[in-house]
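Encoded as structure tokens, the structure appears first; notes follow it.
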Amino acid sequence: MSKLVLGRLSSSLLTLFLVSLVIFAITSLLPGDTAQQILGQFATPEQLAALRVEMGLDQPALWRYWHWLSGFVTGDLGMSASNGMPVAQLMNDRLPNSLLLAAITTAISVPVALTMGLVAAMRRGGNVDRALNVVTLSMVAVPEFLVATIAVLIFAVHLGWLPALSYVSTVESFGDFMRIYAMPVLTLCCVLIAQMARMTRAALIDQLDSAYVEMARLKGVPPMRRVLRHALPNAVGPIANAVALSLSYLLGGVIIVETIFNYPGIASLMVDAVSNRDLALVQACAMLFCGAYLILVMAADLCAILSNPRLRNR
Amino acid sequence: MSEIQAMTHRRQSVPSRRDSHRRMTQSSRLPIATPARRNKPRLKLTRWIGLTLFGLWILIAIVGPWLAPYPMGAFVSDEIYGGASVAHWLGTDYMGRDMLSRILTGARYTVGLAVVAALLSSLVGAGFGMLAVLLPHWLEEGIRRIFDTLISIPSKMMALVMVSAFGASIPLLILAAVLSYAPGAFRIAHSLATNLATLEYVQVAKTRGEGRFYIAAVEILPNMIQSVLTDMGMRFVFIVLLLSGMSFLGLGVQPPAADLGSLVRENIGGLSDGALAVIAPALAIGTLTIGANLLIDSLSNSRDTQKE
Amino acid sequence: MLGESLTVRDLRICATPPGGEERIIVNDIGFALAPGEVLALIGESGSGKTTIALAMLGYARSGCRIAGGSVQLGDTDVLSLNPKETRALRGHRVAYIAQSAAAAFNPSRTLMDQVIEGALIHGVMSRQEARQKAVSLFHDLALPEPDHIGERYPHQVSGGQLQRVMAAMALITDPALVILDEPTTALDVTTQIEVLRAFKQVMRERGTTAIYVSHDLAVVAQMADQVLVLQNGETQEHNTTARILAQPAHAYTRSLLAAARPHEHLSPVRGRPGAELLDIDDLQVGYGARNAQGRPANVVLEHINLHLTSGQALGVIGESGSGKSTLARAVAGLVAPSHGAIQFDRRELSTTLRGRTPEQFRRIQMVFQSADNALNPAHSVQRLLNRPLETYFNLDRRARRARVEELMDLVKLPRHLLERKPGELSGGQKQRINLARALAARPDLILCDEVTSALDTVVGAAILELLVELRRELGVAYLFISHDISTVRSLCDDVMVLYQGQCVESGPCRQVLDTPQHDYTRRLIGSVPELRQGWLESRPPRSETAATMA
């Protein structure tokens, strides 16, 4: 088993390395000169050359890649071109906010979605299942800004419960906390829950259709026990996968949500960086998001390995 | 195989459907349409809703600009964020332009870009997916590695990184969408083709001395084309969401051109007043994607019931 | 608890295909069993035998419903119970043994957990008692390491053992009625005999009433007191086993019996000794990394020598995992051997597809086991048969059309099937098309890989007859891969017995099959059930060490 786990880990590392190569290639190798951008159109060739030397842009691409990558490992992410601060510090300031948002969203969506998936699978073909099917099917196709817009209209404009599109930076009471997080979390949860519930349902139904669940039924095992003791243990792998893939959606979803609600997280930092063409910051943020994605997917695979006796006992 | 199933369903050699479906859900980040199970009542209503909504938007994308009562960029009213009126059915935007005209025109960008990008994604993904099966093992592994790397970059990340490097232009947005969504199409097509390639009729063709391209085009492709088309529909939905999202961030289609996402962005200031100018385009995208999704789901459902 | 009497009256079961009209799939079934009696339900696929058996548990699969009739077990009317009472019946008074134990065991729970689950749910005994009972059942069923086998997971146990563990699971509550649904069909014959013996012994000791579902009359003859012959969900004949075997009244029963008897009447005329066609020299096939000597990590087939003259039929017999299919695939060029050479018509045959000439492709044709997968579902029959003609022969359209029709005649299929797709054909028709496609190439050698084993007995027998006839008319040579000794006997001149990748015995069919020299060949032949009662008892049980191998 340890061989399997190690194999999975090293494969993730290799992918992360290749991803870094792709991101670096897109942002640095192809046209679009950082020095030109910083100095603007009216810079003299001498100024440009000097800045290039200073930034190491005159070095061969491979060397620059190596420099960049080793900087990553040691925590030196370079300087932000737009405001001259170290990238690491900028990200450090914002990361906790994003993690908190992600954590709250996860804590709410996972139990809700798993319950919905479970109920739909058990009531397959029934009214509850059909209703959930149409609702989730619609929800997964809805853009985040539509959910956000509707949420604002209802809770801020019509009901006046929450401030619209403004971020309160001081949290003094639970009420403040709710005010800040209610709408971003609600928006993220909507799509997330729909997806996760659908995938959970599919994973469970796969198992409920299997011969051994029929066998359990013919042994007189009651329905609840069939699902919990027979189907669920075998669906752990697929469900972990569903959760991981849905949560990885958060990586894209927060970008829109943080922007709409002016939430000072890492995603809105990245959007600003893209607008300002602050490449060092974009690279760092992109690597962070890709790394998070790979960790999620890997965690799901490890769950699948550990939950399967065939793989576990190897 | 139970007797009942053997009796009630004409069996066809479907390459372990369940297996390929599982991979399908794994590979796409948003599993939108899941194949139905046996005996699930057909949701005819959802198909009609889906067909109507989706058909409406395709129609608007084709003829919309001619139906528009005003030119897209014309300042036709003094009222900004105006409500619905006889002159302006969907009100006016933040500069006093007619929203209906802007949506009718903007839909063409949203639908057109997504259609092109979805077609290209499926073409590239499914093409490589099918060919990879027939190529030597090391080449197949190489191709897989490349697509596996690309799939590990979330689609919005890919688009953001590319826009930051090259600026937002229409060809670049399409390229970003293809780079993000071709890998998913590749995975699905590749797993389908791998399953099909192990089937005996492909082995028979091999022992008959058939060439690679004959096997790919005649033996494998006809048996996976429907799944590939379904998948392309799903990719269309993803790409609409991606590109509208980019436009919403101001990093997609650039003014003076505007797709539905840009319309939401430029009028977001009216949200606190509940302006129609921001709700209408957001709803437009929502109805397009929901419609497409309902349609794909109901089609793949009915196909499944036919096949099983 | 002893077995109880079972009376079934007017049982009717309906099925609704997706999007279709409800129709009756089981009609008017009735029988009565005294306590301890065993009834066999026999029929081909689609005859409704499993559906009837499941109704004894008050269960119908999704899409089906029990529409009428009664099932009376002891003094319980099974079909009138409410869901809770039905659950209390299942796995307690009525137990079920499924066909594929590998699929019917939950892969993520230990065997003991699953074996005693029923007893615990129904509160029949304590966990401790249940465990002891399970271990004693494992003993009775001749499972190896009976004290510890329960700690294993399903994938750690062989198919034959798993099937016996399932019997233990069924018998743990001392049920009044046991349903055995093709319990040995997925097993090799040498394993089957041990499982049958174990089943029969424990059932007899406990006086269990049982329903035994099978398509195999020879197996049924060993296990059942009564036989009910089914076709399309209706009773064809119902009588004691002895009467059914000796004096079958119904034509359908007679055809089943005829198909199940060794097909001696087919015995082919010994082919004229022809020219050397296929010559295999010290073949070794395997997969995985190769060591310094070029030997793969997993050797599937080794030291295989084989000679085939034109027009000759060579049978290759072996059980699952013996490497027999690999042999055919190596000749076809689908797997490259790691050692050895293949000569075809005195010329070296390239081990890979790439190195072969079009003429060699044409002269060697392969016919696969499952006609379902061997015919591309997207193509019409016409197109399937046309393709080899286009590939190998330079014919104009009319000539091709004529040849396609000729081929249909050759395999005795009506021409109107040409426009159909494989999904619209029956299993037997598909296998005939499969053959016709091979014949289209006018081959010298046809590699037949288990061509009759996926078919119902009667259909399979007809295909076999066709093969004999084609050989007589066309003089084509067969390399006939099979696990079924009687089909090989009726079709082949020579036979080769494979065991774990090696040839243990080969020679003329009569000689090898009638006077086997090797221990394994003897065991293999001796394990094939014969169509007479008392055969199972007449077989000497295998020694303990041999039994643990199964």
Side-chain angles (χ1 to χ4, degrees), chain A residues 15-16 18-19 22-23 26-27 30-32 124-125 130 133-134 137-138 140-146 149-150 152-153 156-158 164-165 195 198-199 201-202 205-206 209 238 241-242 245 248-249 251-252 255-256 259-260 270-271 273-275 277-279 282-283 286 289-290 293-294 297, chain B residues 18 21-22 25-26 28-34 37-41 43 46 145-146 148-150 152-158 160-167 237 240-242 244-245 248-251 261 264-265 268 271-274 278-279 282-283 285-286 289-294 297:
Chain A
T15 312
L16 189 62
L18 291 172
V19 164
V22 172
I23 290 177
I26 296 176
T27 46
L30 304 164
R124 174 152 53 129
R130 279 192 288 177
N133 179 46
V134 174
L137 195 56
S138 307
V140 290
V142 162
E144 301 86 4
F145 49 81
L146 177 59
T149 313
I150 293 173
V152 168
L153 280 177
V157 179
H158 287 292
L165 312 186
Q195 273 193 89
R198 287 186 75 77
M199 289 171 82
R201 174 186 181 272
I205 280 182
D206 251 9
D209 275 350
N241 200 34
L245 287 174
S248 76
Y249 149 84
L251 303 175
I255 295 175
I256 306 280
T259 310
I260 296 186
M270 183 175 181
V271 173
V274 174
S275 307
R277 303 194 124 185
D278 186 347
L279 290 182
V282 171
Q283 286 170 337
F289 278 98
C290 294
Y293 173 79
L294 284 171
V297 175
Chain B
R18 205 160 276 158
H21 169 247
R22 190 171 301 132
T25 37
Q26 275 177 3
S28 51
R29 282 160 218 152
L30 294 156
I32 284 200
T34 38
R37 304 288 143 180
R38 243 179 302 127
N39 295 313
K40 182 176 171 179
L43 302 168
T46 59
R145 197 27 101 178
I146 291 173
D148 270 358
T149 303
L150 289 176
S152 305
I153 307 179
S155 60
K156 281 212 179 70
M157 270 318 119
M158 174 71 87
L160 286 175
V161 168
M162 288 183 70
V163 167
S164 74
F166 307 107
V237 176
V240 169
L241 292 175
L242 170 69
S244 334
F248 176 78
L249 296 172
L251 303 169
V264 180
R265 176 190 174 77
I268 196 81
L271 182 56
S272 46
D273 308 327
V278 59
I279 301 160
L283 276 179
I285 300 172
T289 47
I290 290 174
N293 213 8
L294 291 178
D297 187 67

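So you know, we letter chains A, B, ... as the sequences are listed, proteins then strands, and number each from 1.
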Flag side-chain contact, heavy atom, 4.5 Å: [X] against [Y]:
X: S248(A); Y: P154(B); value: no
X: V140(A); Y: V237(B); value: no
X: V163(B); Y: R277(A); value: no
X: I285(B); Y: F145(A); value: yes
X: D148(B); Y: T15(A); value: no
X: F289(A); Y: I153(B); value: no

I need the minimum non-hydrogen distance between [X] and [Y], along with the two atoms involved.
X: A141(A); Y: T289(B); value: O-OG1, 2.5 Å
X: S152(B); Y: V19(A); value: CB-CG2, 3.9 Å
X: T259(A); Y: L249(B); value: OG1-CD2, 3.4 Å
X: L146(A); Y: G286(B); value: CD2-CA, 3.8 Å

Once rounded to the nearest 0.5 Å, what's the spacing between atom [atom1] of [X] and atom [atom2] of [Y]?
X: I26(A); Y: L160(B); atom1: CD1; atom2: CG; answer: 11.5 Å
X: R130(A); Y: T46(B); atom1: CZ; atom2: OG1; answer: 10.5 Å
X: T149(A); Y: I279(B); atom1: OG1; atom2: CD1; answer: 8.0 Å

Heavy-atom cut-off 4.5 Å, strictly under: side chain, backbone, both or neither for L283(B) against chain A? both

Contacting moiety of L251(B), where chain A heavy atoms sit under 4.5 Å: side chain

Heavy-atom proximity to chain B below 4.5 Å, by part of Q283(A): neither

Which residues pass the side-chain contact (heavy atoms from CB on, under 4.5 Å) test with A286(A), sequence neighbours left out? I23(A), M270(A), M157(B), V161(B)

Can you tell me which of I256(A), V271(A), V22(A), V142(A) forms the most heavy-atom pairs within a distance under 4.5 Å of chain B? I256(A)

Would you mind telling me which of V297(A), I255(A), L16(A), I150(A) has the largest number of heavy-atom pairs within less than 4.5 Å of chain B? I255(A)

